[in-house]
Amino acid sequence: MGEKVTLKIWRGDAGQGELTDYRVEVNEGEVILDVLHRLQATQAGDLAVRWNCKAGKCGSCSMEINGRPRLACMTRMSTFDPAETITLTPMRTFPVIRDLVTDVSFNYAKAREIPSFTPDPSVKLGEFRMQQIDVNRSQEFRKCIECFLCQDTCHVIRDHPENERAFAGPRFLMRIAELEMHPADTADRREIAQDDFGLGYCNITKCCTEVCPESIKITDNALIPMKERVAGRKYDPLVWLGAKIGRRPRHDTPAVPGGKKS
Amino acid sequence: MTDIERLPYDVVVIGAGGSGLRAAIEAREAGLRTAVISKSLFGKAHTVMAEGGCAAAMGNANPHDNWQVHFRDTMRGGKFLNNWRMAELHAKEAPDRVWELEAWGAVFDRTPDGKISQRNFGGHEYPRLAHVGDRTGLEMIRTLQQKVVALQQEDARQHGDPEARIKVFAETTVTRLVKDGERIAGAFGYIRENGRFVLFEAPAVILATGGIGKTFAVSSNSWEYTGDGHALALLAGAKLLNMEFVQFHPTHMVWPLSVRGLLVTESVRGDGGVLRNSEGKRFMFGYVPDVFRAQYAETEEEADRWYTDPDHNRRPPELLPRDEVARSINAEVKAGRGSPRGGVFLDIASRRPAEEILRRLPSMYHQFKELADVDITKEPMEVGPAQHYVMGGVEVDPDSAASSVPGLFAAGEVSGGMHGSNRLGGNSLSDLLVFGRRAGMGAVAYLDSLDEAGGRPAATDAALAAAQAEAIAPLERAGGENPYTVHSEVQQTMSDLVGIIRRESEIKTAIAELEKLRERAVQVSAEGGAAYNPGWHLALDLRNIMLIAACVAHAALERQESRGGHTRDDFPGMSPEWRKVNLIVALDGDRVVLRRQPMKPMRGDLLALFDRGELAKYLTEEELPPAGEEKS
């Protein structure tokens, strides 16, 4: 044990940066984050890395490891060939703050535009009754640790910042699905899912599902069922006719006005 | 000092975990302009790591449960050193706090009749923990985060600005509280992203910073747990109590070394998992202490029947309070009956079907599979104790969470008293909600009284200049020692000498070592600039870590008995005389000073919830109710 590995780490800030080579010791059972900590303690005290729990529960240490979006705390060194050079770069979809740390405020802004959980106000505290089978789906989506790796990998916004205004990304389309499938929620977010949050941009390539460290079936269980619900709401001829002759409300719950802070 | 940004608020909450967010919601709902300061990103605080659940006597799983039973369990778990008023408020209010989360969108696991499901846990007489698989903390923090967002949406509609009345300052660290005379005037700190200094000008500050785990080498705590709130309170003139009581949770991964200390939830035992030594024996049957003898099973058969028939059988000893289980594991390993990697075996594979394990313990399955190549549905886990929680904290008024410094409040792990000498699992998440809300209410009441009295406190220029000079020092100092080296030596010293089992000679050695380390800590320097520089951040955190390490060590030396999270090899017994004493820690200049403070006697109606015989195990003769006045 105590062998050395070669890392190429992107160092720099919003202005510019470059890959820098380091040789660091690795011990049995370690993950990328252990090696980064050793690097900070021995060679690069100011290396910026965002991390928190080191247990795969908080979703802070997202980065690209050999180009693949991953959590540094859950990527074991034993998965690499000892002779391999490992390249660590910040998430590409978000602006760099410093080194491996990016500005993920885009995500918090999107979260604020989605109409919140809206229960029936007449239900008193402690009187909600829901069956386990009915909450399973929302619970799957609430496993999300907000690491934003799905946002990072999604080709709609990766290298396409011009789509960021119209597209909320898999994490927040899944949040809409979670609320829509919550048995005690009364709002209707189907129209805004399409019109304001860009569900139609998703062409179900499932990259988000592939990188999800929580193994949430984002595409199959959240995005595709939402697309079906939207189709039923927006494109069903009977629903269309009902809206036309005023028998059905034209719009559902609107996106939050002024939720975007410029 | 021209480069300090000033941000005026009514209330500043330091910490964005469960108690901080709950406090902020309360203050904002009362109409106050509220700032939440988070050392990490919003939604990442240490609360996400809580696994098992949130204890609240809702009586969904067993209708016999009520606040009195929860109160009794909490006092027993804390070996009667708890602030009984806090334990009372906690037991009474926890159910409403859980139901409130549900109304804000939390999706708990359900019972067959559609209510919130409740699970068994160590020291709780009935299944009491509201939970979501084994990721309850994540559910709680996400729900509170989303409630904050809902309030921001309300402000966006009303004021056109989502941050009009509640704003989260992510990746921001407070290094000093500033005062005007005796009163709090604000909080000074830096923004991680660019290193800019900020002053939050506010008459009320709520500390919700969590614990002190990074004082120890093997801990289940995240990097934020550097005792910031404990240290800020001390430096501002407040007092800490019970700092000798540190919880070593019994079950953490022991291998691979890089994940040593990663938590293995108590739910594994609550759901049927058992502890075995290298001989395959369920050793916990040999470690039931006298005070708990009546409530725990004596045979494996009885223990196993309890899961399906709790009314006619006693609990398995694996579900003793955490301090008991941790000490027992420690003793087995010391006696040479440990597992190959220095822990013991935690076995659920042979006890429950694979599907049930996957459904109830998905995070544990994932964690062992990903990090250790162990399939917990097929083989036992190797586990051992690690630092997990600190019972000690800021001394507060139970009802308002106010400290002795006007305008300073504390809630959650940073506050002290609620859990006595040992916290029961599940009582932390409920503590955060109950006392987070109360701290918010306390701050609101304080502001009302201020406005009546006229005039808010203001920070002096001298105090600001000193805070700024202190914060910038490690960046300006060249050639000093590396902060990472000093930190790891502090952690090793505390783990080796003031850990799970303590003795006088070792604690004295630790105090001498800490003294030397403190001289080194003030001389560290950080390479690089002020923008997102972890070396600089650690250099600043070191002050807090050093201070808190000294508090723990001095209090541990003073208390000459063993109780809960404080075990003295040289004083193995529990002393009724010591039970009456709280050790109060304060600062005199830069020295830690200790004072013995008598505990307030428990109110008669609460005392009457216990049998005299049980009380006699904890209390002195004069504290006992007169014989013959047994509870009915």
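Treat the numbers as computed from the prediction; the structure is a model and nothing was measured. Just so it is clear: chains get the letters A, B, ... in the order the sequence lines come, proteins before strands, and each one is counted from 1.
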Any side-chain heavy atom of A/Met130 sitting closer than 4.5 Å to one from B/Glu102? yes
Is there a side-chain contact between B/Tyr484 and A/Arg38 (heavy atoms, below 4.5 Å)? no
Please check: side-chain N/O of [X] versus main-chain N/O of [Y], any donor-acceptor pairing under 3.5 Å?
{"X": "A/Arg98", "Y": "B/Tyr532", "result": "yes"}
{"X": "A/Lys54", "Y": "B/Trp223", "result": "no"}
{"X": "A/Gln139", "Y": "B/Val107", "result": "yes"}

Under 4.5 Å to a heavy atom of chain A? For B/Ala170 that would be neither
If I measure from the heavy atoms of chain A, does B/Pro362 come under 4.5 Å with its side chain, its backbone, both, or neither? neither
Strictly by salt bridge (Lys or Arg N to Asp or Glu O under 4.0 Å), give each pair with a member in residues 478-487 of chain B just once, sequence neighbours left out. B/Glu481-B/Arg520
Test side chain to side chain contact (heavy atoms under 4.5 Å, CB included) on A/Val256 and B/Arg157 and set out the steps. CA-CA 8 Å; A/Val256 177; B/Arg157 284 189 207 95; 4.1 Å; yes
Any donor-acceptor N or O pair under 3.5 Å, side chains B/Gln146, A/Arg142: yes
Donor + acceptor pair across side chains of B/Gln153, A/Arg112 (<3.5 Å): no
Does this structure show an ion pair linking A/Arg76 with B/Asp373, if we count only N-O contacts that are shorter than 4.0 Å? yes
By ring-ring contact (aromatic ring centres under 6.0 Å, His included), B/His249 pairs with (sequence neighbours left out) B/His252, B/His388
Think B/Lys44 forms a cation-pi with A/Phe148, using NZ or CZ under 6.0 Å from the six-ring centre and within 45 degrees of its axis? yes
Could you tell me which non-hydrogen atom of [X] sits nearest to which non-hydrogen atom of [Y], and how far apart they are?
{"X": "B/Ala103", "Y": "A/Leu125", "result": "CB-CD2, 4.0 Å"}
{"X": "B/Met49", "Y": "A/Lys57", "result": "CA-CD, 3.9 Å"}
{"X": "A/Gly29", "Y": "B/Pro256", "result": "CA-CB, 3.5 Å"}

Selection from [options] maximising heavy-atom pairs under 4.5 Å formed with chain B:
{"options": "A/His182, A/Glu30, A/Arg175, A/Glu178", "value": "A/Arg175"}
{"options": "A/Gly59, A/Cys73, A/Pro119", "value": "A/Gly59"}
{"options": "A/Ala41, A/Ser138, A/Ala111", "value": "A/Ala41"}
{"options": "A/Gly126, A/Ser78, A/Ala184", "value": "A/Gly126"}
{"options": "A/Gly45, A/Ser116, A/Cys58, A/Ala44", "value": "A/Gly45"}

Among B/Ser220, B/Ser222, B/Ser117, which residue forms the greatest number of heavy-atom pairs with chain A at distances under 4.5 Å? B/Ser222
For a salt bridge (Lys or Arg N to Asp or Glu O under 4.0 Å) check, start with the C-alpha distance between B/Glu171 and A/Arg50, then their side-chain angles and the critical distance, and finish with the verdict. CA-CA 10 Å; B/Glu171 301 197 311; A/Arg50 184 181 274 140; 2.7 Å; yes
Between A/Glu146 and B/Gln145, is the side chain to side chain contact (heavy atoms under 4.5 Å, CB included) condition met? List the steps. CA-CA 12 Å; A/Glu146 297 205 328; B/Gln145 178 184 350; 3.2 Å; yes
Segment of [X] engaging chain B (4.5 angstrom heavy-atom cut-off):
{"X": "A/Asn52", "answer": "both"}
{"X": "A/Ala48", "answer": "both"}
{"X": "A/Val101", "answer": "side chain"}

